[in-house]
Amino acid sequence: MDIYKSIKELDLSSDVTQKFKALMITCDDGTAEAFALKVISASNETVIIDGSVGINSFIIPVMVIKVFGTSSGTTFPADLRCYGLN
């Protein structure tokens, strides 16, 4: 089990270039929302992580070095929150 020592809420209105061990997605209102996060992994590959979250939050245990903003390929509804974990 990974232990994370810090958490940072990400503002996806622009690209976030910072190394994270994992990403956590939560929902403000509990209604299921679909998302697609465009990221660059630690192995320098550009990938899209897509899914849906509602009442539960979940952790995506993938090391990323960049998360693209909503103007650069990420689709992220306003009711969702994304956090970088280290």
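- Taking all atoms of both residues into account, the shortest heavy-atom contact from Tyr4 to Pro61 is OH-CB, 4.5 Å.
- Heavy-atom minimum distance, Tyr83 versus Ile7: CB-CG1, 3.7 Å.
- Note on Met63 and Val47: separate hydrophobic clusters, where clusters join Ile, Leu, Val, Met, Phe, Trp and Tyr whose side-chain heavy atoms are under 4.5 Å apart, directly or indirectly.
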Can you give me every donor-acceptor pair (side chain of residues 20-35, partner residue at least two apart or in another chain, under 3.5 Å) with its distance?
unit_1: Asp28; atom_1: OD2; unit_2: Arg81; atom_2: NH2; d: 2.9
unit_1: Asp29; atom_1: OD1; unit_2: Thr31; atom_2: N; d: 3.0

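- From Thr46, atom OG1 reaches atom CD1 of Ile40 across 4.0 Å, with rounding to the nearest 0.5 Å.
- The NZ atom of Lys8 sits 9.5 Å away from atom CG of Asn86, with the distance rounded to the nearest 0.5 Å.
- Here the shortest heavy-atom pairing between Leu37 and Cys82 reads CD1-SG, 4.2 Å.
- Between Val67 and Leu10 there is a side-chain heavy-atom pair separated by less than 4.5 Å.
- Nearest heavy atoms, Lys38 versus Thr74: N-OG1, 3.1 Å.
- Residues Val16 and Ile65 are members of separate hydrophobic clusters, defined by side-chain heavy-atom contacts under 4.5 angstrom among Ile, Leu, Val, Met, Phe, Trp and Tyr.
- Between atom CG of residue Asp50 and atom OG1 of residue Thr75 there is a gap of 9.5 Å, rounded to the nearest 0.5 Å.
- For the atom pair OG of Ser72 and NZ of Lys66, the computed distance is 7.0 Å after rounding to the nearest 0.5 Å.
- Inter-residue side-chain proximity for Val53 and Leu80 is flagged as met; some heavy-atom pair is nearer than 4.5 Å.
- Both Leu12 and Phe58 are assigned to one and the same hydrophobic cluster, defined by single-linkage of ILVMFWY side chains at heavy-atom distances under 4.5 Å.
- Between atom CG of residue Asp11 and atom CZ of residue Phe76 there is a gap of 11.0 Å, rounded to the nearest 0.5 Å.
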